[in-house]
Novice: 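Quick one: structure below, then a few questions.
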Amino acid sequence: MADTVSYRPKAGEIPTQPGVYRFRDKNRRVLYVGKAKNLRARLSNYFQPLRSLHERTRRMVTTASSVEWTVVGTEYEALQLEYTWIKEFNPPFNVKFRDDKTYPYLAVTLGDRIPRVMITRNRNMKDARYFGPYTKVWAIRETVDLMLKAFPMRSCSDGVYRRAELTGRPCLLGDIGKCAAPCVGRITPEDHKSLAIDFASFMAGNDTGYLRDLNEKMRQAASTMDYEAAARHRDAIQALEGALGKSAVVLTENIDADVFGIAHDELAAAVQQFIVRGGRVRGVRSWVVDKELDMELGELVETVVQNAYDGPDAPPREILVPELPEDTAELEQWLTQRRRETPDPSAPRGRHTGRVELRTAQRGEKAALAQTVSMNAKNALILYKTRRSSDFVARSQALNDIQDALGMNDAPLRMECYDVSHLSGTNIVASMVVFEDGLPRKDQYRRFSIPESTDDTESIYQVISRRLAYLKDAPAATADLSDDDRAAEETALDAEGAEGADEVVEEAAERRRRKFSYPPNLLLVDGGQPQVAAAKRALDESGVTGIQLAGIAKRLEEIWLPDSDFPVILPRNSDALFLIQRLRDEAHRFAITYQRARRKRDIGTVLGEIPGLGPSRVKELLKHFGSVTQLRKATPEQIAEVRGVGPTLATAIFERLADSGRSDSAAEESGRASGVSR
């Protein structure tokens, strides 16, 4: 591989001022747009030796045939120009947004002579005030229905309104009190517009003032025995409280902010945006981001925020993000300009004022809400990946793509993935997960205890050797334990009772062993070349053939084959890469779960069996010694120094931990001989 690309400019040719750069391919198509405070320093990162670049960065640099740059005066101008060019050229290596949904909004057309409240997905109406977005249309309809009892403004279409004007008769909403009927002159256009402005102001978060005023009017009407007016005010209060009840109070009343949560991995990111106005969540928006190049969270935040306020939405004065980008000051300046350019029909001067600030929530109610938003983003990312992996057409295509990419004779209908987990080199365990036809077979997962190992490669060698031992003498194809087999087992146990139970259980165990001896088409290990080499050594020594071996390196998502100097790169966002990534993540999850269970068993089960040692004393022991390892090393005298633990109990703890240590050693020796631990 060459050290760098042929079109690399000389270092002295690149200016050191702020600017924007573009990579182009041989057809002059823009592949990537980026900005820099110092163009020379930034571009030099792309022209390092190719082997040292991130794989996707290397693919972009080698695909391009030229690079060009434009110098600007300030970092803020660089931010603006980068934003403009990304929108103009849509470069394939920049972040791509998969926001294919159009969300419903509640709109108040304050620019009309007779304003109207409506539900719409059109964000381009002039001088309209928008609220939302909402995830469900029916939720907006319920809110509007309640609000019209307190603010009876027009909600009918233009055709219905004109017909009422011509006939002199209002529509049904006017007759039942949910419209002030400006169409027939029951209210002047000026008063109706004031009503619409109050409606918009209430929806924007100025709700407590209206409730106080209505409560005061209701008391005054009741004191003067105007009970009809008092009843109207009471109904309006109940309607407004019902509408407010649909948005939980999450912050203090004067907080207007947008809260972003981002969950991301090497290929994609899920974004959640909570729109908080007046201390209440007024809208929720979510979308998925496809990542081509390796990006830190701060860079992702910058791109997400720019995309969120690309349309007619005005940024609030406070935006909470999970991490601040490097050029926070320039981004705040851009957001402030966007805010001032966005019309605000309800404001006296028709525009938003105030400076926009980017912050991270550190503590209190804002931090709690940010955590909730982040949790929603994580769930959205899991759901996005699961749906892609579980679709039948996508799974079939993924299996075919894996077959082609790895040069296999058949599609990998059965894939097994192995991962090793340890705690600072101790308590080493491994996992095996099985996917058949692209779906997990959790009944065939296996867990391994590894008693002794020098490093991850040795652990992989041990695990693969133990796994392949089941395939040496096993038939090539064996039957799975079907529902009929399980039913027969249960029936036999019921019929034979205790005398025949041993035979039936042994037969069932034999079926499970046969199931474990079913050979995979593709055997994956979590790791790069060293781990693959260790697995190949185990495969060669076992004498088992007909199994494709590969490894997946987590940081770069590269697929490594045995005896290969270069990895296999699956296309970004391909269903094949998503399937392999999910297989690897599942193996990692299963290994971590097993290791945590072992640690919990070590301290929870072992100490919990000692009479007189309850949860509070176990907590004191761990607090005093700092870890289970240090507790095992302690003498009875040292254990007796813990508050609440006397000499007798200390001796019992010492002896029990010594016994459990000997038991674990015996179990590990047995596991080494038998191969697998479930």
Novice: Counting N and O atoms only, with roles assigned by atom type, does the side chain of Glu332 sit under 3.5 Å from a partner on the main chain of Leu358, one being a donor and the other an acceptor?
Specialist: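 It does hold such a pair.
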Novice: Is the closest side-chain heavy-atom distance between Pro440 and Tyr445 below 4.5 Å?
Specialist: yes
Novice: So which of Thr57, Thr63, Val61 actually passes side chain to side chain contact (heavy atoms under 4.5 Å, CB included) with Arg59?
Specialist: Thr63
Novice: Test of understanding: with side-chain contact (heavy atoms from CB on, under 4.5 Å), list the residues that count as partners of Asp404, not counting sequence neighbours.
Specialist: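 Here no residue qualifies.
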Novice: Can you name the residues that form a ring-ring contact (aromatic ring centres under 6.0 Å, His included) with Trp69, not counting sequence neighbours?
Specialist: none
Novice: Could you work out, with side-chain contact (heavy atoms from CB on, under 4.5 Å) as the rule, every residue matching Ala78, not counting sequence neighbours?
Specialist: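 So Ala78 forms a side-chain contact (heavy atoms from CB on, under 4.5 Å) with Val20, Lys35, Val72.
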Novice: Listed by chain and number, what are the salt bridge (charged side-chain N to carboxylate O under 4.0 Å, His left out) partners of Asp258, not counting sequence neighbours?
Specialist: Arg277
Novice: Stepwise, does the side chain to side chain contact (heavy atoms under 4.5 Å, CB included) test hold for Tyr7 with Val67?
Specialist: CA-CA 8 Å; Tyr7 62 89; Val67 62; 4.3 Å; yes
Novice: Quick check: closest heavy atoms across Ala398 and Leu579, and the distance to 0.1 Å?
Specialist: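 Answer, listing the atom of Ala398 first, then Leu579: CB-CD2, 4.0 Å.
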Novice: Go through it in stages, so that I can follow the logic: the residues are Leu561 and Val532, the test is side chain to side chain contact (heavy atoms under 4.5 Å, CB included), and I'd like the CA-CA distance, side-chain angles, deciding distance and then a yes or no.
Specialist: CA-CA 7 Å; Leu561 297 177; Val532 175; over 6 Å; no
Novice: Using only atom types and a distance under 3.5 Å, with no angle test, would you say the side chain of Gln403 pairs donor to acceptor with the backbone of Ala411?
Specialist: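 Yes; judged by distance alone, with no hydrogens or angles, the pair exists.
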Novice: One pair to check against side chain to side chain contact (heavy atoms under 4.5 Å, CB included): Glu299 and Thr303. What are the steps and the verdict?
Specialist: CA-CA 7 Å; Glu299 298 177 82; Thr303 308; 5.6 Å; no
Novice: Within a reach of under 6.0 Å around CG of Asn45, are more than 12 heavy atoms found that belong to other residues, nucleotides or ligands?
Specialist: yes
Novice: Can you find a heavy atom in the side chain of Val433 that is under 4.5 Å from one in the side chain of Tyr418?
Specialist: no
Novice: Is any side-chain heavy atom of Pro92 closer than 4.5 Å to one of Leu31?
Specialist: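 Yes; the side chains approach each other to less than 4.5 Å.
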Novice: Hey, could you give me the CZ/CZ distance between Phe435 and Arg414, rounded to the nearest 0.5 Å?
Specialist: 12.0 Å
Novice: What pairs with Thr360 under side-chain contact (heavy atoms from CB on, under 4.5 Å), at least two apart in sequence or on another chain?
Specialist: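 Thr360 satisfies side-chain contact (heavy atoms from CB on, under 4.5 Å) with Val321, Leu324, Gln362 once adjacent residues are dropped.
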Novice: Report yes if the side chains of Phe274 and Asn376 come closer than 4.5 Å at any heavy-atom pair, otherwise no.
Specialist: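 They are in side-chain contact.
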Novice: For Gly298 and Pro325, which heavy atoms make the closest approach, and how far apart are they?
Specialist: O-CB, 3.3 Å
Novice: Just so I know, are the side chains of Leu583 and Leu524 near enough to count as touching, which here means a heavy-atom distance under 4.5 Å?
Specialist: yes
Novice: Enumerate the ring pair (Phe, Tyr, Trp, His ring centres under 6.0 Å) contacts for residues 10-29, please, sequence neighbours excluded, ordered by first and then second residue.
Specialist: Tyr21-Tyr46, Phe23-Tyr46
Novice: Tell me every residue that passes side chain to side chain donor-acceptor pair (under 3.5 Å) with Thr109, counting only those two or more places apart in sequence or in another chain.
Specialist: Asp112
Novice: Taking Val108's backbone N and O only, do any of them form a donor-acceptor pair with Arg129's side chain (distance below 3.5 Å, no angle check)?
Specialist: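 Absent.
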Novice: To the nearest 0.5 Å, what is the distance between CD1 on Ile552 and CD on Gln531?
Specialist: 12.5 Å
Novice: Taking only residues two or more places apart in sequence or in another chain, which ones pass side chain to side chain donor-acceptor pair (under 3.5 Å) with Arg359?
Specialist: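 Per chain and number, Arg359 pairs via side chain to side chain donor-acceptor pair (under 3.5 Å) with Glu318, Glu357.
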Novice: Say you draw a straight line from CZ of Arg441 to CE of Met415; how long is it, rounded to the nearest 0.5 Å?
Specialist: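 It is 13.5 Å, given to the nearest 0.5 Å.
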Novice: With sequence neighbours left out, what residues match Asp401 under side chain to side chain donor-acceptor pair (under 3.5 Å)?
Specialist: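 Side chain to side chain donor-acceptor pair (under 3.5 Å) list for Asp401, sorted by chain: Gln397.
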Novice: So, the side chain of Asp419 versus the backbone of Arg584: is there a donor-acceptor pair under 3.5 Å, distance only?
Specialist: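 No, the answer is negative, given that no donor and acceptor are paired below the 3.5 Å cut-off.
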Novice: Between atom CG of Leu523 and atom CG of Leu539, what is the distance when rounded to the nearest 0.5 Å?
Specialist: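 Those atoms lie 7.5 Å apart.
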Novice: Can you check whether Arg40's main-chain N or O pairs, donor with acceptor, with Thr16's side chain at less than 3.5 Å?
Specialist: no
Novice: For Lys37, give me all partners under side-chain contact (heavy atoms from CB on, under 4.5 Å), at least two apart in sequence or on another chain.
Specialist: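 Applying side-chain contact (heavy atoms from CB on, under 4.5 Å) to Lys37 gives Glu75.
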Novice: How far does CH2 of Trp334 sit from CD of Gln306, to the nearest 0.5 angstrom?
Specialist: 5.5 Å
Novice: What is the minimum heavy-atom distance between Leu399 and Gly438, and which atoms define it?
Specialist: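 Scanning both residues completely, I find the closest heavy atoms to be CD1-N, 4.2 Å.
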Novice: How about Ile559 and Pro567: do any of their side-chain heavy atoms sit closer than 4.5 Å?
Specialist: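 No, too far: nothing below the 4.5 Å cut-off.
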Novice: With sequence neighbours left out, write down each residue that passes salt bridge (charged side-chain N to carboxylate O under 4.0 Å, His left out) with Glu586, or none if nothing qualifies.
Specialist: Arg589
Novice: Shortest non-hydrogen contact from Leu331 to Glu302?
Specialist: CD2-CA, 4.1 Å
Novice: Between His264 and Ala269, which heavy-atom pair has the shortest distance, and what is it?
Specialist: CB-CB, 3.4 Å
Novice: Got a donor-acceptor contact below 3.5 angstrom from the Arg338 side chain to the Tyr309 backbone?
Specialist: yes
Novice: May I ask you to decide if Ala41's main-chain N or O and Ser44's side chain share a donor-acceptor pair within less than 3.5 Å?
Specialist: yes
Novice: Is there a side-chain contact between Leu53 and Leu50, using heavy atoms and a 4.5 Å cut-off?
Specialist: yes
Novice: List the residues meeting side chain to side chain donor-acceptor pair (under 3.5 Å) with Arg24, not counting sequence neighbours, and say none if there are none.
Specialist: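 Scan of Arg24 (side chain to side chain donor-acceptor pair (under 3.5 Å), adjacent residues dropped) gives Glu68.
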Novice: Apply side chain to side chain donor-acceptor pair (under 3.5 Å) to residues Gln337 and Glu341 and explain how you reach the verdict.
Specialist: CA-CA 6 Å; Gln337 181 179 343; Glu341 291 174 351; 2.9 Å; yes
Novice: Start with the C-alpha gap between Glu558 and Trp560, add the side-chain angles, then the distance that decides, and say whether side chain to side chain donor-acceptor pair (under 3.5 Å) holds.
Specialist: CA-CA 6 Å; Glu558 302 168 333; Trp560 288 94; 3.2 Å; yes
Novice: Can a donor-acceptor pair be found, under 3.5 Å and without considering hydrogens, that links the side chain of Asn400 to the backbone of Ser396?
Specialist: yes
Novice: Keeping the roles fixed (side chain from Ser65, backbone from Asp25), state whether a donor-acceptor pair exists under 3.5 Å.
Specialist: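 At least one qualifying donor-acceptor pair exists.
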Novice: Taking atom CD as the centre, does Glu323 end up with more than 12 heavy-atom neighbours from other residues, nucleotides or ligands that are less than 6.0 angstrom away?
Specialist: yes
Novice: Looking at Pro315 and Leu335, what are the two nearest heavy atoms and their distance?
Specialist: CG-O, 3.7 Å
Novice: Side-chain contact, heavy-atom cut-off 4.5 Å: Ile262 with Val301?
Specialist: yes
Novice: Quick check for you: to the nearest 0.5 Å, what is the distance between Leu320 atom CG and Phe260 atom CZ?
Specialist: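 If we round to the nearest 0.5 Å, Leu320:CG and Phe260:CZ are 10.0 Å apart.
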Novice: Does Val356 form a side chain to side chain contact (heavy atoms under 4.5 Å, CB included) with Arg317? I'd like the steps, not just the answer.
Specialist: CA-CA 4 Å; Val356 178; Arg317 298 184 62 176; 5.7 Å; no
Novice: Backbone N or O of Leu439 within a donor-acceptor pair of the Asp437 side chain at under 3.5 Å?
Specialist: no
